**Student:** 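Have a look at this one.
Below, each value reflects all heavy atoms present in this structure, side chains not excepted, and no hydrogens, waters or symmetry copies. If you're wondering where the values come from, they're calculated on a predicted model, not measured in any experiment.
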Amino acid sequence: MSIIHVLLTGGVGSRLWPLSRKQSPKQYLDLFDGKSLFEMTVQRNQCVADKVVIVGNRDNTHLSHKAMVNCGLPYKNIVEATPRNTAAAIAFAALAVEPKDILIVTPSDHMISGSEAYAEAIQKGVEKAKEGYIVTFGIKPTRPETGYGYIEYEDDLVKSFREKPNLDTAEDFLERGNFLWNSGMFCFQASVFLDELKQYEPKVYEKAKKAWEISKGGILDEELSLEIPSISVDYAVMERSKRIRVVPTSFEWSDLGSFEALYDYLVENGYPKDDNGNIVIGTETFTGFVGLKNTIFIYTKDAFLIVQKEKSQDVKKIYNMLDKLQSKLLD
């Protein structure tokens, strides 16, 4: 039995446009002392996993390879011909290993601080996985965040999964004290996950299995992939299985899914800001702010973005507008 780190790398990071693009998603950007979130995620899990499996797509597989060369680690590569959401992505990883292997599934774009607390939480998850449970990791919330899903829990039992709430609901969750942020990180035996997927979403299981069985060198066939229903692992398994357990965690965590989260991380680590909390990313050219507070100016060679920190979730609206126009500014 091996413990295997499964790295999901398919996200685009639309709320971090124009830094994050289709050809250079946020998980590969060297924003953190010369390292990317991808590299930091791999290194963080080296102490708890024996092997690495990367599930990505044709557009980013070369970026994953470059990052793994930087990390100096061998890995198994699974290349999706077309994105079919997280249920299928995780199924491919589970099909690629031995049935009793334990998978630690993580996104590749999260920022985590506290290596000891992280290792302790993962070890708890591995022990529960050995008992046949599917484990999700919940983050103790520090603010009424509207950009994350939530887990209602009691001890290690999940009472419910909740969608991203409005502010009033998020404040209520925080006050009640038995809600955790949903980290999107999981731990389970490969066979246990596949059994549950087969029970609750048999079409996803059968079509993913068929696509995997005829894959060549880990590269999946596009025609067969398109037959797989596109559904998240939360909807497919986590919200329906009777085998779910949660490990509440104490490490610091952010999915860095917005400029507000990136701002907070950078400022906490000494990034320069002016007297009104304004910061500049991407250029050393002097940039002055008049009458503005907590504003982020993002500079790239072909686009500027000026966003108020508290409105950073709305950056996705610009991304969606450009997507409709089929703009090359997203590439």
Side-chain angles (χ1 to χ4, degrees), residues 1-11 53-58 76-107 125-126 128-138 149 151-153 156-163 182-247:
M1 181 194 74
S2 295
I3 298 176
I4 298 169
H5 177 207
V6 176
L7 205 56
L8 304 179
T9 70
V53 172
I54 295 173
V55 185
N57 56 52
R58 289 181 296 194
K76 183 188 286 280
N77 197 27
I78 299 173
V79 182
E80 293 182 291
T82 183
R84 304 314 289 162
N85 217 316
T86 50
I90 295 171
F92 295 138
L95 289 162
V97 302
E98 296 299 319
K100 289 194 177 297
D101 285 346
I102 289 177
L103 307 185
I104 299 164
V105 181
T106 76
V126 168
K128 290 181 187 295
K130 287 177 180 177
E131 296 171 17
Y133 294 117
I134 293 176
V135 179
T136 183
F137 297 90
I151 300 168
E152 183 183 12
Y153 77 109
D156 68 346
L157 298 175
V158 175
K159 297 178 75 174
S160 69
F161 288 91
R162 303 294 185 92
E163 294 293 325
N182 187 350
S183 71
M185 294 165 43
F186 313 105
C187 183
F188 44 72
Q189 283 184 27
S191 60
V192 170
F193 176 81
L194 291 173
D195 287 346
E196 295 299 274
L197 183 64
K198 187 176 183 180
Q199 178 178 344
Y200 294 105
E201 287 291 339
K203 189 174 181 183
V204 175
Y205 171 80
E206 294 295 344
K207 296 294 184 180
K209 187 168 183 284
K210 188 176 179 183
W212 174 251
E213 285 173 347
I214 71 146
S215 65
K216 295 176 181 177
I219 300 173
L220 297 156
D221 179 78
E222 184 168 4
E223 195 173 321
L224 287 177
S225 296
L226 286 168
E227 295 178 11
I228 305 169
S230 179
I231 182 170
S232 76
V233 69
D234 285 340
Y235 290 132
V237 174
M238 304 307 293
E239 296 181 9
R240 298 155 82 179
S241 173
K242 305 295 188 290
R243 295 190 182 190
I244 307 300
R245 294 292 185 270
V246 63
V247 171

**Student:** Do Ile78 and Trp212 have side chains that get closer than 4.5 Å, going by heavy atoms?
**Tutor:**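 Yes. Closest side-chain heavy atoms under 4.5 Å.
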**Student:** Using a 4.5 Å cut-off on heavy atoms from C-beta on, say whether the side chain of Ile102 contacts that of Ile4.
**Tutor:**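 With C-beta onward as the side chain, the pair stays apart.
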**Student:** Quick check against the 3.5 Å criterion: does Asp101 have a side-chain atom that pairs as donor or acceptor with the backbone of Ser2?
**Tutor:**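 It does hold such a pair.
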**Student:** Counting C-beta onward and ignoring hydrogens, is there a side-chain heavy-atom pair between Ile228 and Val204 closer than 4.5 Å?
**Tutor:**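 They are in contact (side-chain heavy atoms under 4.5 Å apart), so the answer is yes.
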**Student:** Evaluate the side-chain proximity of Gln199 to Lys242: yes if any heavy-atom separation is below 4.5 Å, no if none is.
**Tutor:**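 The answer is no; the side chains never approach within 4.5 Å.
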**Student:** Does the Ser241 side chain pair with the main chain of Arg243, one donor and one acceptor, at a distance under 3.5 Å?
**Tutor:**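 Yes, the answer is positive, given that a donor and an acceptor are paired below the 3.5 Å cut-off.
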**Student:** Kindly give the heavy-atom pair with the smallest separation between Thr82 and Ser225, and that separation in Å.
**Tutor:**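 Closest approach of Thr82 to Ser225, heavy atoms only: CG2-CB, 3.8 Å.
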**Student:** Sub-3.5 Å donor-acceptor pair from the side chain of Arg245 to the main-chain atoms of Tyr133, do we have one?
**Tutor:**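 Looks like no, no N/O pair under 3.5 Å.
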**Student:** Nearest 0.5 Å, what's the CE-NZ distance between Met1 and Lys100?
**Tutor:**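 Answer rounded to 0.5 Å: 9.5 Å.
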**Student:** Indicate yes or no: at least one non-hydrogen side-chain atom of Glu196 is less than 4.5 angstrom from one of Glu201.
**Tutor:**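 A side-chain contact under 4.5 Å is absent here.
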**Student:** With rounding to the nearest 0.5 Å, note down the distance linking CD1 in Ile3 to CG in Leu103.
**Tutor:**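 Interatomic distance, Ile3 CD1 to Leu103 CG, rounded to 0.5 Å: 10.5 Å.
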**Student:** By side-chain contact (heavy atoms from CB on, under 4.5 Å), which residues pair with Ser232, not counting sequence neighbours?
**Tutor:**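 Only Asn85, Thr86, Asp234, Tyr235 meet the side-chain contact (heavy atoms from CB on, under 4.5 Å) criterion with Ser232.
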**Student:** Heavy-atom distance under 4.5 Å between the side chains of Phe161 and Asn182, does that happen here?
**Tutor:**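 With C-beta onward as the side chain, the pair touches.
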**Student:** Are any of the side-chain heavy atoms of Val55 and Ile90 separated by less than 4.5 Å?
**Tutor:**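 They are not in contact (no side-chain heavy atoms under 4.5 Å apart), so the answer is no.
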**Student:** Can you find a pair of side-chain heavy atoms, one from Thr136 and one from Tyr153, that are under 4.5 Å apart?
**Tutor:**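 Result no, sub-4.5 Å side-chain heavy-atom pair not found.
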**Student:** State plainly whether the residues Lys209 and Glu213 are in salt-bridge range, i.e. N to O under 4.0 Å.
**Tutor:**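 Salt bridge: yes.
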**Student:** Looking only at heavy atoms, which two atoms of Ala89 and Leu8 are closest? And how far apart?
**Tutor:**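 Answer, listing the atom of Ala89 first, then Leu8: CB-CD2, 4.2 Å.
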**Student:** Which heavy atom in Leu194 sits nearest to a heavy atom in Ala91, and how many Å separate them?
**Tutor:**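 Minimum heavy-atom separation between Leu194 and Ala91: CD2-O, 4.1 Å.
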**Student:** Donor-acceptor check, side chain of Arg240 to backbone of Tyr200, threshold 3.5 angstrom: yes or no?
**Tutor:**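 Present.
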**Student:** Hey, is the main chain of Phe137 close enough, under 3.5 Å, to the side chain of Ser183 for a donor-acceptor pair?
**Tutor:**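 Flag set: sc Ser183 to bb Phe137 pair under 3.5 Å.
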